[in-house]
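Any value given below was found using the heavy atoms of this structure, including those in side chains, with hydrogens, waters and symmetry copies removed.
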Amino acid sequence: MTDPPPLVMAGHTALLLGPLICGLLVYLLPWPRFRDAAPIVLSAGLLVVLWYLSGEMLGTGPVTLALGGHFAPLGIELHVDALALAMLWLTGLVGLAVNVHITASVNLTERFGPEGFRILWLVLWSALNALFVAADLFNIYVLLELSAITAIALVAVSRGPEAVAAATRYLFFALAGSLFFLLGVALVYAKTGLLALRGLESLQWHGPASVFALGLMTLGLAMKAALFPVHAWLPRAHAIAPSAASALLSALVAKAGVYLVIRLWSGPFDGHWPEFLGQSMAVLGAAGIAYGSIQAIRQSRLKLVIAYSTVAQLGYLLLVLPLASVLAWHGVIYHALSHGLAKAALFLAAGNVIFMVGNDRLESLSRGDHRLAGNAMVMALAGVSLAGLPPSGGFIGKWWLINAALESGQWWWALVVGGGGLLTAAYVFRVLRYAMAEPHPDDGRPDLPVKRLPRRMFWPPMLLALGAIALGFAGQWLVPILALGRPGNIAG
């Protein structure tokens, strides 16, 4: 195996250490202008790095790096394929939007300090980037813990008894998930003496022990990702956290757990599990789609609607396990990208509504004046992608999943995708109905006073929502990238 070009090595180093170093500088040099500008400049720089790495990977294929020049099992490997690259791009784009948004939103509230929020987010950013490219189980465990600690702190950073209660519940789930995941890792190491994913892929050790280890790690990751039915921490945490933190938790942190589930099931444990287990995982995903959507329809607060929507939308990602085809693989990656952009846009827009009218009750959307119209447009654009309506990225992802189900003869999963889209449209249109309704003149309730929204708070969610729509026009252009490093169990 040859060493990658120096620029590729430098790019990966920047992705892993850049946010961490920036967080340290923000802590040591808390000058207001530097505190605001440094994360934004970093975000733009890392997107340039990702553009270069994407071009290099199109020419050379997936990239495997060895820290210190020693490959596994002697050293630590990093691996970047289409799935990892998609998550890195999603993190970079959402990170840029959040960094711009908090230059205004964090400074306009007295509930939490700007330095603490930025430092926690920058550390989380480094942990997520490293998690997406990690190629051995122990480092994945360490990075899961680092990302969980910082994410829990972001929930608690708004202070108050509700925030502490939500963060504590999240902590309990994260600790339980860590124990299950670590038990699975220990069992793998006890049976094989290996932790590197690439080494485990080439090792034949099928049997009950491998299935049990996979089950333990999957349960742990499900608790961290808030997959149904172990999702109880997510709605309250997302509802009480600062809206910028909710955007990060929903678009990136929760999705990281599902990313690892897909990585393990389609990578080192491919062929270890019987077909009915893959079907069972997809059944849980379908149940999550139904449960999360129905709960979202029932909510009276905007952030709770979006939070339960996350439970539903994560369920689609599990459908790749029984389908195992190129279309399903492309559809899952596309759904992850479009969902991340749309969900971050929704939470940032919800934060804007809270800032403007003082609460996120749905009825308040119809009691503000025309200045809420811009955020209503953001919610409409993001909702179009979540519901899978054309011409959005969500439509392309769901269309590929439906075609994969029909081509494999598993038509019931096509019904799940289509039905989930209808349920999503139901709660999206319910929110828009409140946003577009005129207040009744005889209800005795005056219009709410509406604060003026800074442009730095409006444009980040708008551009994210437009990005989710724009993905619908880029499907064929992105197909060569989506095919990079496709797992061996994905039928061509």
For the backbone of [Y] and the side chain of [X], can you confirm whether one donor and one acceptor N or O come within less than 3.5 Å of each other?
| X | Y | value |
| --- | --- | --- |
| Y334 | L471 | yes |
| S392 | G388 | no |
| R430 | Q299 | yes |
| T424 | G420 | yes |
| T150 | S147 | yes |
| R118 | V26 | no |
| K398 | V417 | no |
| W233 | M223 | yes |

Please find the pair of heavy atoms, one from [X] and one from [Y], that lie closest to each other, and give the distance.
| X | Y | answer |
| --- | --- | --- |
| L131 | I140 | CD1-O, 3.7 Å |
| A174 | I152 | CB-CD1, 4.1 Å |
| V155 | A241 | CA-CB, 4.0 Å |
| L197 | L137 | CD2-CD2, 3.7 Å |
| N375 | F458 | N-CE1, 4.2 Å |
| A307 | P235 | CB-CA, 3.9 Å |

Worksheet entry | Working for side chain to side chain contact (heavy atoms under 4.5 Å, CB included), residues L16 and V133 | CA-CA 9 Å; L16 301 184; V133 301; 3.9 Å; yes
With a 4.5 Å heavy-atom cut-off, do [X] and [Y] have their side chains touching?
| X | Y | value |
| --- | --- | --- |
| F181 | L221 | yes |
| L341 | S385 | no |
| I297 | Y427 | yes |
| L15 | L53 | yes |
| K255 | L249 | no |
| L20 | L122 | no |
| V188 | M217 | yes |
| L314 | F228 | no |

Enumerate donor-acceptor pairs with a distance under 3.5 Å from any side-chain N or O in residues 277-296 to protein atoms, sequence neighbours excluded.
residue	atom	partner	partner atom	Å
Q279	OE1	W413	NE1	3.3
Q279	NE2	Q410	OE1	2.7
S280	OG	F276	O	2.7
S293	OG	I289	O	2.7

Nearest 0.5 angstrom please: [X] [atom1] to [Y] [atom2], how far?
| X | Y | atom1 | atom2 | result |
| --- | --- | --- | --- | --- |
| Y434 | L365 | OH | CG | 9.5 Å |
| M379 | M377 | CE | CE | 11.0 Å |
| S338 | I396 | OG | CD1 | 9.5 Å |
| S246 | K343 | OG | NZ | 11.0 Å |
| L381 | I469 | CG | CD1 | 5.5 Å |
| L154 | W121 | CG | CH2 | 9.0 Å |

Task: K224 and E145 ion-paired at < 4.0 Å - done: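 Counted as a salt bridge, because a side-chain N and a carboxylate O are separated by less than 4.0 Å.
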After noting the C-alpha distance and the side-chain angles of Q313 and S250, does the key distance pass the side-chain hydrogen bond (donor to acceptor under 3.5 Å, both in side chains) rule?
CA-CA 10 Å; Q313 297 293 319; S250 180; over 6 Å; no
Problem - Audit row: H79, D81, side chain to side chain contact (heavy atoms under 4.5 Å, CB included) steps and yes/no - result: CA-CA 7 Å; H79 183 73; D81 57 9; 3.9 Å; yes
Problem - From CA spacing to verdict: side-chain hydrogen bond (donor to acceptor under 3.5 Å, both in side chains), W89, S54 - result: CA-CA 10 Å; W89 268 106; S54 301; 2.9 Å; yes
- Query: Which is it for K303 and D360 under the salt bridge (charged side-chain N to carboxylate O under 4.0 Å, His left out) test, yes or no, and what are the steps along the way?
  - Reply: CA-CA 7 Å; K303 289 189 72 176; D360 68 336; over 6 Å; no
Would F347 and H238 count as a close aromatic pair, with their ring centres under 6.0 Å?
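Distance test on ring centres: under 6.0 Å, yes.
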- Verify side chain to side chain contact (heavy atoms under 4.5 Å, CB included) between E162 and R236, making sure each step is shown before the conclusion. CA-CA 9 Å; E162 292 185 2; R236 183 178 296 183; over 6 Å; no
| request: Verify side chain to side chain contact (heavy atoms under 4.5 Å, CB included) between D270 and W265, making sure each step is shown before the conclusion. | output: CA-CA 6 Å; D270 173 31; W265 281 67; over 6 Å; no
* Determine which pairs satisfy ring-ring contact (aromatic ring centres under 6.0 Å, His included) with at least one residue from residues 130-150, sequence neighbours left out, and list them in order. =>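 Non-adjacent pairs meeting ring-ring contact (aromatic ring centres under 6.0 Å, His included): F132-Y259.
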Just wondering, are more than 12 heavy atoms of other shown residues or ligands nearer than 6.0 Å to CZ in F34?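 It does: F34 CZ has more than 12 such atoms within range.
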